[in-house]
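Note sheet for the following structure.
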There are 4 protein chains.
Amino acid sequence: MASTKLKTPRPSRWERRPEARPDELLDAALEVFAARGYRATRLDEVARAAGVTKGTIYHYFAGKEQLLLAAVRRRQQKKIAEIREALGDESDPVSVRIARLYHSVWERWTDPRARQVLRLMLSDVSIEAPEVFRTWMREGFVTNLRMLTSLIEQGKAQGDFRSDVDAEVAARLLQSAMVFQMLLHFEWGMNELAPISNNRLVEQGLDVFMRGLRYEHHRDTES
Amino acid sequence: MASTKLKTPRPSRWERRPEARPDELLDAALEVFAARGYRATRLDEVARAAGVTKGTIYHYFAGKEQLLLAAVRRRQQKKIAEIREALGDESDPVSVRIARLYHSVWERWTDPRARQVLRLMLSDVSIEAPEVFRTWMREGFVTNLRMLTSLIEQGKAQGDFRSDVDAEVAARLLQSAMVFQMLLHFEWGMNELAPISNNRLVEQGLDVFMRGLRYEHHRDTES
Amino acid sequence: MASTKLKTPRPSRWERRPEARPDELLDAALEVFAARGYRATRLDEVARAAGVTKGTIYHYFAGKEQLLLAAVRRRQQKKIAEIREALGDESDPVSVRIARLYHSVWERWTDPRARQVLRLMLSDVSIEAPEVFRTWMREGFVTNLRMLTSLIEQGKAQGDFRSDVDAEVAARLLQSAMVFQMLLHFEWGMNELAPISNNRLVEQGLDVFMRGLRYEHHRDTES
Amino acid sequence: MASTKLKTPRPSRWERRPEARPDELLDAALEVFAARGYRATRLDEVARAAGVTKGTIYHYFAGKEQLLLAAVRRRQQKKIAEIREALGDESDPVSVRIARLYHSVWERWTDPRARQVLRLMLSDVSIEAPEVFRTWMREGFVTNLRMLTSLIEQGKAQGDFRSDVDAEVAARLLQSAMVFQMLLHFEWGMNELAPISNNRLVEQGLDVFMRGLRYEHHRDTES
DNA sequence: TATGAATGAGTATTCATTCAT
DNA sequence: CATGAATGAATACTCATTCAT
């Protein structure tokens, strides 16, 4: 990168970087899409952000929608890997692994960029580019849901969770607890309208959810 | 952005009567907005649906965004009343009243129109007409949240729920469990990608949530 | 017309002429299309020529192609009427009526505008707007051909033309003799490449054609 | 217009070899141009059809227009030779030689490719690439016309045709009879709008034309 | 020679908004 | 009050052409 620039001290109008271009384009595109929304994003802006001209975008991608699709896919692959990693050691109790995942996700959402993509999808894209939306749902959202479901199933098998818990539904609940609260809180201004400390939202949310799953041996003494 | 464009309605020489004739306009508008999304809705379409011409819309409303704002507000007032009614007798146990509300809401969502407004807000509008979105959040969404919060507080006071439950957070969880699941399931195609029976989603969802709130006296025998 | 302008001495940005607009638009459009060709015609140019803005075009017509179609149709109706008129008295001998038509058409082609529409159709439009081309062929060109055919049939019935002449084919020959020669001569520069006097082209062309149709009683004496 | 853009080919340092490799390029180009029209033809398509890349085209030709020009010229040379050959033995009577030529041309037009080039020139090219059009007219069309003219002159000299026939005009008539009818019939859908058998069109067309030229000795007996 | 990445000028179409009537 | 004609700004996409490699 830096060395490339040393080679061409004056990046002339004509710069040729066939290898790097597509990925640079995708990064720039996702950045702009996330910030502005799908519809409001001008391809000119994306091009400028990537340091190329509009024509170059069409050299690599068939159009606005395809550009977004490629950008989203590229990102999803990274994310899925990150999530799996965040689950940690498989030998740990499931409730620990879930908590680990849960906290890791919330932590990642400290970065506005991470949230914006979620908002982008559920907001603009679901209407303006339904094809991209469906792909994102299928390849990312549903994948995550299945992962959560199987985690909860494991918890049941390990005796960690109630045997009568509906894992499918519980996983959905957890997912929405995370995604929707994050959006409401950070992106949709809920924290201004009905303030709540970030920490409380995260910790107590997990607590209520976990209590819904676990056996309650100690209630008598605690109450 | 868009909010900058909001025009302060000019008090014209002829007194506008936004309360009288325009009601049919608002109904038609919300119908079209909900079906098409905010951006994709053409004022021509709204006008045709209302049986007037585009110019007439501008008699009563300052623009597209103001039209939506008025339409949403009109609807919200009705909805809030409905919800209060759905809670039923105040002397009933809170868990019963919550369940009653919960089922009543889900039932109402049988009607696509009822869902679409929610989708409209969270999708298109949150980006394209943030002013409207914020108003809707403040006047509707947050109001509902407060209602749920106070219900749960009542439940704690009545000894129906754990004393250590965080009512604010639990209310958020319940709200997201309802809204987000509904959107995923009915509007965003989740049911096609990861099918689940409507009944199970509703019943088990409430079950997991309620267990997270309540004391668990009977676990010992069951386990 | 003129009175309208007197009423609005300063034609402001907003001029309202609902009645006249469409026809004015069509005239301006055909003018520009004929001069530039279909593809090369910019709707901006048409709008400027008609003294309106581009948007106004779309108020009345669905798009570029539809605009051309309407313009062509409008013109065709006039032309067909003119041609019928040029044929003159039905009681005259057919060879006289054909000659009258023939000369009248050539005379009309003195006006460049009259030729350009023909060139427009056969050139640009046949490829870029095939729908319009087909309509023009069907409603104009073929109609003219039929008229010529029936004229020649009448000539045969009247004993003016040989009984063994194929009227269908002869009509085609005459039509192409007129149209194609005109285009070659005036529009495609044939007169510069292989000059020939206009008069000779017209008169001798008719002569050769007519001799092909008629019985030849007087050849003996002439030869 | 477009002609202004014609670039004078730069004599580059490396000697271009427009005669050698480019021939396949020219064949591919004419094929695509004929099928799609000038404007609608993408140089990418031509390149693909020739099995090279777009850049290569610019090695050999200065641009789109020059490419077409070269392709048309190359073809014309072949065609002129073919036509001379089709005329056959010079000692045969002219009317026979004309008929031979006439039928040979029509037969060749059985092949769509042969017609398409004519259509290409008269349609698209005459507007979009007038430079090419003029060259084609001068080097091909006019040459053919002269050939026909001198044939008819010979016919007059041989006493085969009337002495008072205007050979220039008659040749034009014949040429248009052939070219224009062919285009109308095969390329512009006339046969669908006003059907006529191919054979009748060809034979009767020649008949009417020839009668216009010849002395009519036998009419009395035949009629 | 040949490639193909990069350019950038060019344009039909949409639609919220205005305003003469 | 109501109409609907007129506006004009805004934008994705195409493709001939250039040029570094």
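Just so it is clear: chains get the letters A, B, ... in the order the sequence lines come, proteins before strands, and each one is counted from 1.
Near DNA chain E, meaning a heavy atom under 4.0 Å from it, residues 35-43 of chain B has B:Thr41, B:Arg42, B:Leu43 in order of number. Applying a 4.0 Å cut-off to non-hydrogen atoms, the residues of residues 63-74 of chain C that approach DNA chain E are C:Gly63, C:Lys64, listed by residue number.
Salt bridge D:Arg75/D:Asp27: absent, no basic N to carboxylate O contact under 4.0 Å. Ion pairing of D:Glu128 with C:Arg39 is absent here, as no side-chain N (NZ or NE/NH1/NH2) approaches a carboxylate O to less than 4.0 Å.
Test B:Trp136, B:Phe33, B:Phe133 against B:Tyr38 for ring-ring contact (aromatic ring centres under 6.0 Å, His included) and you get one pass: B:Phe33.
Atom P of nucleotide F:dT11 and atom CD of A:Glu45 are separated by 9 Å, given to the nearest angstrom. Atoms CZ (B:Arg48) and C1' (F:dG4) sit 14 Å apart, rounded to a whole Å. The interatomic distance linking D:Phe61 (CZ) with F:dT17 (P) rounds to 14 Å, in whole Å. In this entry the distance linking CG of A:Leu25 with C1' of E:dA5 reads 12 Å, nearest Å.
The backbone N or O of A:Val52 sits nowhere less than 3.5 Å from a side-chain atom of A:Thr56 that would complete a donor-acceptor pair. Distance alone, capped at 3.5 Å, is enough to place a donor-acceptor pair between the A:Arg119 side chain and the A:Ala34 backbone. Checked by atom type and distance alone, the side chain of B:Lys64 pairs as donor or acceptor with a backbone atom of B:Thr41 at under 3.5 Å. With hydrogens and angles disregarded, no donor-acceptor distance shorter than 3.5 Å links the side chain of A:Lys54 to the backbone of A:Arg48. Side chain of D:Ser123 to backbone of D:Leu120: no donor-acceptor contact under 3.5 angstrom is found.
The phosphate of E:dT14 (OP1 or OP2) has no side-chain N or O of C:Tyr58 nearer than 4.0 angstrom. Between A:His59 and the phosphate of E:dA6, there is no side-chain N or O to OP1/OP2 separation shorter than 4.0 Å. Between A:Tyr60 and E:dA6 there is a side-chain polar atom (N or O) within less than 4.0 angstrom of OP1 or OP2.
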Under the criterion side-chain contact (heavy atoms from CB on, under 4.5 Å), I'd like the reasoning laid out for C:Leu67 against C:Leu26: C-alpha separation, chi angles, the key distance, then a yes or no. CA-CA 7 Å; C:Leu67 176 64; C:Leu26 291 179; 4.0 Å; yes

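In the helix from E:dA2-F:dT21 to E:dT21-F:dA2, the rotation axis of the first five pairs and that of the last five pairs differ in direction by 10°, rounded to 10 degrees.
Comparing C:Lys54 and B:Lys54 along DNA chain F, the residue whose closest nucleotide (by nearest heavy atom) sits nearer the 5' end is B:Lys54. Remark on DNA chain E: of its neighbouring residues D:Thr56 and B:Asp44, the 5'-side contact belongs to D:Thr56, judged by nearest-heavy-atom nucleotide.
Summarising the geometry, atom CD belonging to D:Glu139 is positioned 4.0 Å from atom CZ belonging to D:Arg73; distances are rounded to the nearest 0.5 Å. Note that CD of B:Gln116 and CZ of B:Arg36 are 10.0 Å apart. Values are rounded to the nearest 0.5 Å.
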